[in-house]
Amino acid sequence: MKLGSLKEGGRDGTLVVVSKDLTRAVKATGIAPTMQRALEDWSNAAPRLNAVYEALEAGRPETINGEPVFAVDFTQLAAPLPRAYEFVDGSAYLPHVARVRKARGAEVPESFYTDPLMYQAVSAGFYGPRDPVLVADEAYGIDLEAEVVVVTDDVPQGATPAQAAGHIQLVGLVNDVSLRNLIPNELAKGFGFLQSKPRSALSPVFVTPDELGEAWQGNKVHLPLVTHINGKWFGAPEAGVDMQFDFAQLVAHAAKTRPLSAGTIVGSGTVANEDTSLGASCFAEQRTVEALRDGKPSTPFMSFGDTVRIEMKARDGSDIFGAIEQRITKA
């Protein structure tokens, strides 16, 4: 099934079930007022939400459970989880890790091959799929990072990867906004990201793994993640290729010393492949490829007025999550 949230009902939005083709939706407040509440009672809420989804797909009903079916307006959608208790973002793609670190003169740590990289990201608020990205200064080095995310129910502390896999309930996309020119000084302090990692944006809907069919295998999404900048193709790396750690391993890593609350978002990190002909999912990587090839980068970071579009389609061309479409805007 496919779930989203409307920009109404408070900071956590209003839960809606969305049709497979992303054109119609119906409120699910009779089951759970918000996506967060649904995830907290997932074993009971999920079957009822799925029944609504099946009813939405069976013909074109005008109402379901007394709620009117309405046309989807992406501008009225908040992030599926407008705020989350936790957003932990990994960096699971070895080509991205290697290239970005090389750009700042750092080596890939030996431990990366056995232990994921991960940091605590901003979760108090997410941009909706059509909201502008607000940045105070272009000199910060504005970058996107196109990623896949999963959302969990309650995960116990110390869960193994096999156990963690059973707690992955939803899949979506994120534009993990990064301010590249602020990163070096922050990391030089040896205490991680803060100012260089502002709010991120989530895809219009999250979907259950079974909605992905055969594309969900080995706790990875085996589809290209497509990015356009100002309407021009930027990259379409395969999300299931060159992923050093799958999502079950990432969730287990995050839960090693603490339980994860229902509604925790776990990111894959920037999707990247060894095959550079498939393009990039962030400017930092594109600039590194150019520097290695030409001696210096030629592509600038983003400017005010630039637009980014991130989406993932099934092999038959049908839309899965809807597109993140944003304009870089001065705060």
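Under the 4.5 Å side-chain criterion, counting only non-hydrogen atoms from C-beta, Ile142 is in contact with Phe304. Annotation: side chain of Val26 is not in contact with side chain of Val16 (no heavy-atom distance under 4.5 Å). Within the 4.5 Å cutoff, no side-chain heavy atoms of Asp153 are placed close to those of Leu260. Side-chain contact between Leu170 and Val207 is absent, with no heavy-atom pair separated by less than 4.5 Å. Counting heavy atoms from C-beta outward, Leu278 and Val241 have side chains that stay 4.5 Å or more apart. The side-chain heavy atoms of Val72 and Leu22, taken from C-beta on, include no pair separated by under 4.5 Å.
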Inset, instruction - Apply the test side-chain contact (heavy atoms from CB on, under 4.5 Å) to residues Arg24 and Arg60: give CA-CA distance (whole Å), side-chain angles for both, the deciding distance (0.1 Å), then the verdict. - result: CA-CA 9 Å; Arg24 296 168 295 120; Arg60 300 188 70 86; 3.1 Å; yes
Inset, instruction - Would you check, one step at a time, whether the test ring pair (Phe, Tyr, Trp, His ring centres under 6.0 Å) holds for Tyr140 with Phe301? - result: CA-CA 9 Å; Tyr140 291 166; Phe301 290 117; over 10 Å; no
Legend entry - Full working for side-chain hydrogen bond (donor to acceptor under 3.5 Å, both in side chains) between Ser318 and Lys313: CA-CA 6 Å; Ser318 59; Lys313 294 183 181 293; over 6 Å; no
Inset, instruction - With side-chain contact (heavy atoms from CB on, under 4.5 Å) as the test, would you mind laying out the steps for Glu290 and Lys296 before giving the verdict? - result: CA-CA 6 Å; Glu290 291 168 349; Lys296 63 180 181 178; over 6 Å; no
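Expressed to the nearest 0.5 Å, how far OG1 of Thr29 lies from CG of Leu15 amounts to 8.5 Å. Taking NZ of Lys2 as the start and OG of Ser203 as the end, the distance is 10.0 Å to the nearest 0.5 Å. Here Tyr93 contributes atom OH and Glu147 contributes atom CD; the two are 9.0 Å apart, rounded to the nearest 0.5 Å.
With hydrogens and angles left out, the side-chain atoms of Ser196 and Glu186 include a donor and acceptor closer than 3.5 Å. Side-chain atoms of Asn175 and Glu145 include no donor-acceptor pair closer than 3.5 Å.
A salt bridge links Glu238 and Arg315; the closest N-O separation between the charged side-chain nitrogens and carboxylate oxygens is under 4.0 Å. Remark: Arg327 does not engage Asp306 in a salt bridge, criterion side-chain N to carboxylate O under 4.0 Å. Comment: Asp137 does not engage Lys330 in a salt bridge, judged by the lack of any side-chain N to carboxylate O separation of less than 4.0 angstrom. The pair Lys27-Glu67 fails the salt-bridge criterion, with no side-chain N (NZ, NE, NH1 or NH2) lying under 4.0 Å from an Asp/Glu carboxylate O. Salt bridge present: Arg180 and Asp143 bring a charged side-chain N and a carboxylate O closer than 4.0 Å. Taking a cutoff of 4.0 Å between a charged side-chain nitrogen and a carboxylate oxygen, Glu285 and Arg287 do not qualify as a salt bridge. The pair Lys20-Glu54 fails the salt-bridge criterion, with no side-chain N (NZ, NE, NH1 or NH2) lying under 4.0 Å from an Asp/Glu carboxylate O.
Using a 30° and 60° split on the angle between ring planes, Phe112 and Phe245 fall in the perpendicular class, above 60°.
Among residues two or more places apart in sequence or in another chain, the side-chain hydrogen bond (donor to acceptor under 3.5 Å, both in side chains) test is passed with Gln249 by none.
A cation-pi arrangement is absent between Lys189 and Phe191, since the terminal nitrogen or guanidinium carbon is not both under 6.0 Å from the aromatic centre and inside a 45° cone about the axis.
Aromatic ring centres of Tyr119 and Phe87 lie farther apart than the 6.0 Å criterion allows.
At distances below 3.5 Å, at least one donor-acceptor pair connects side-chain atoms of Glu211 with backbone N or O atoms of Met1. For Thr63 (side chain) and Gly66 (main-chain N/O), no donor-acceptor pair under 3.5 Å exists by modelled atom type.
The only member of Val150, Leu173, Val171, Val151 that meets side chain to side chain contact (heavy atoms under 4.5 Å, CB included) when paired with Phe206 is Val151.
Following chains of ILVMFWY side-chain contacts shorter than 4.5 Å, one cannot reach Val52 starting from Leu6, and the two form parts of different hydrophobic clusters.
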